[in-house]
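In this chain, numbering begins with 1 at the start of the sequence shown.
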Amino acid sequence: MGAGASGGKLTLIDSDIFQEENIGRHALGKAYLHRMKASALKQEIAQQIPDLNIEVHNINACNRSILKIFQTMILLSMLLPK
């Protein structure tokens, strides 16, 4: 099983808007133009695999405070018993 399945969570982080110049190198198509990339990708994935647990953050992942939050989450997930 992959991320978001069997109790897991898939987290999508992107602050960009899907534009025409992205079409050739992105999984999304014209139907998602001018939408937030992470939110649009969540919708596309949910249509194909509806039972996945997907969390979206329409933010810049390079923001230092955001990185600290995710580093803490990763560390905690490594410490929890499986």
Closest non-hydrogen contact found for Asn58 with Ser39 is ND2-OG, 2.9 Å

Test of understanding: with side-chain contact (heavy atoms from CB on, under 4.5 Å), list the residues that count as partners of Gln43, not counting sequence neighbours.
Tyr32, Arg35, Gln47

Atom pair CD1 (Ile45) and CG (Leu41), whose distance is rounded to the nearest 0.5 Å:
4.0 Å

Hphob cluster co-occupancy, Ile17 + Leu33, side-chain heavy atoms under 4.5 angstrom
no

Distance from Ile13 atom CD1 to His57 atom NE2, nearest 0.5 Å?
6.0 Å

Candidate list Ile54, Leu52, Leu10, test side-chain contact (heavy atoms from CB on, under 4.5 Å), partner Lys42, passing option:
Ile54

Tell me every residue that passes side-chain contact (heavy atoms from CB on, under 4.5 Å) with Lys37, counting only those two or more places apart in sequence or in another chain.
Asp14, Asp16, Phe18, Asn22, His26

Starting from Met36, can I reach Ile59 by hopping between I/L/V/M/F/W/Y residues whose side chains sit under 4.5 Å apart?
no

Give me each pair satisfying salt bridge (charged side-chain N to carboxylate O under 4.0 Å, His left out) with a member in residues 18-33, each pair once, sequence neighbours excluded.
none

